[in-house]
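Model, not experiment: these values are computed from the prediction.
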Protein chains: 2
Amino acid sequence: MSETQPRTRIQKKNRVAILNAALEVFSQFGFRGSTLDQIAKTSGLSKPNLLYYFPSKEAIHVELLSGLMDTWLDPLRDLDPKGDPKAEILAYVRRKLEMSRKMPRESRLFANEILQGAPRMMDAIQGELKLLTDEKAAVISGWMEAGKIAPAHPYHLLFSIWSLTQHYADFDVQVRTVLGGDPIDPYPDADMYLETLFSKLLTV
Amino acid sequence: MSETQPRTRIQKKNRVAILNAALEVFSQFGFRGSTLDQIAKTSGLSKPNLLYYFPSKEAIHVELLSGLMDTWLDPLRDLDPKGDPKAEILAYVRRKLEMSRKMPRESRLFANEILQGAPRMMDAIQGELKLLTDEKAAVISGWMEAGKIAPAHPYHLLFSIWSLTQHYADFDVQVRTVLGGDPIDPYPDADMYLETLFSKLLTV
DNA sequence: GCAAGGTTTGACCAATTGGTCAGGATCAGG
DNA sequence: CCTGATCCTGACCAATTGGTCAAACCTTGC
């Protein structure tokens, strides 16, 4: 992914600060809606200083995205073909929901990119994402054919897991508003609901 | 919503053209990422001409959003408290999925707005959306308590319906890419999958 | 066919955008 | 404490942004 790894500790610190600020901004406004000045102000650095560490606005964005796909697929990679089918899938749902809870900005960055037609992520989607999805969909298909879990469209099963878990990060504002003004954490209930939902779906 | 209704047929035609172009652009790039020039070019009108029909970029966006919420809630409004519980909910899922299929741009416009924290839609969410959601969640709760459908968190049930159906519009690129290069229509399979999913969830 | 109102546009504006650059400040190693 | 490399900045630039305006161009009803 990233060729240039920081030499000095100042570089390390500032690159982290920039990428963190950029994540904050890009995840809210998308690539085109974000400005270098916003990122500069958020990171506490000057605009020319940003461009000392990164050659362009696009380079910052690409750097964020390239790191993201790997992280994003980790929970799915951990789905063990040798584990108990239903438990594996339920555990995957839980990991994915946990990721939404802990990395909502990353989820929104991803959502923004896809919404815009994935102009800077097509390669990763056609490559890594599709490869891993095909592989795991085959595993799930195998489980279904063996009668270990109820039959269902394996790809749409995966889509539904992505959709449902990421929803709590991407539509956070809506979820919390609808649930009431109180700053209630929606995740515990979400976790229970999703467990029920997929447990019933997969039980033969 | 909109106070000024078109007087002449030219006005009518051009306002429609502008709003259509704006929907195209805003739904892809969000408010801040879209430019008047883009909308002008897409609509086939000149930029000053846009501003003859709408006072500002924001006014166009607001006009789109204010019309959207009503349309968006229609499928939920049709959920009949007197109908058969399971059939009603499954029909709602189908209507919502159909809406994603026929109005993907509207779905993305909505998604973009929520992703950015719903700065121009908070009122509608706290108002119309929450009111209707509360009302229908109560209906669903009643059904559950009466043992007509299996118990589940009514709000998260609604969230899951929104999430799953809108996913096919908002993440269209990803869905189609993962399913394969062929221009396969994912909606028939999605419809079957969702019917199975919710049917199993709701069956007592 | 002509006036009055509705429609369209080119030229323009100030502010913001992504990005450059020369030079100054700061740091690390000897 | 000196020197070379790293780090940082103010000033600047061309392009793009949302928006204005006077003047020209159409429609339409009489």
Closest of C/dG19, D/dC7, C/dT9 to the B/Ser46 side chain is C/dT9

So which nucleotide from D/dC8, D/dG19, C/dG18 ends up closest to the side chain of A/Tyr53?
-> D/dC8

Just compare D/dC7, C/dG19, C/dT17 and give me whichever is closest to any side-chain atom of A/Lys57.
-> C/dG19

Evaluate the ring planes of A/His167 and A/Phe171, with Trp represented by its six-membered ring, and classify them as parallel (under 30°), tilted (30 to 60°) or perpendicular (over 60°).
-> parallel

Can you tell which of D/dC8, C/dG19, D/dT20 lies closest to the side chain of B/Leu51?
-> D/dT20

Quick one: is B/Gln11 getting a side-chain N or O under 4.0 Å of the C/dG6 phosphate, OP1 or OP2?
-> no

Looking at B/Lys136 and B/Leu76, what are the two nearest heavy atoms and their distance?
-> CE-O, 3.3 Å

Check: A/Lys47 side chain, C/dG18 base, donor-acceptor under 3.5 Å | yes

In whole angstroms, the gap separating P of D/dC8 from CG of A/Leu45 amounts to 7 Å

Write down the distance between OH (A/Tyr52) and P (D/dC8), rounded to a whole number of angstrom.
-> 7 Å

Modelled atom types, side-chain donor and acceptor of B/Arg105 and B/Asn20, under 3.5 Å = yes

Answer yes or no on whether A/Arg120 is positioned over the face of A/Phe31, meaning its NZ or CZ is under 6.0 Å from the six-membered ring centre and within 45° of the axis.
-> yes

B/Asn14 side chain N/O closer than 4.0 Å to the phosphate oxygens (OP1, OP2) of C/dT8?
-> yes

Take B/Lys13 and B/Arg32, find for each the nucleotide of DNA chain C with the closest heavy atom, and name the residue whose nucleotide sits nearer the 5' end.
-> B/Lys13

Toward the 5' end of DNA chain C, which comes first, A/Ile10 or A/Phe31, by nearest nucleotide?
-> A/Phe31

Spacing of B/Ile39 atom CD1 relative to D/dT16 atom P, expressed in whole Å = 17 Å

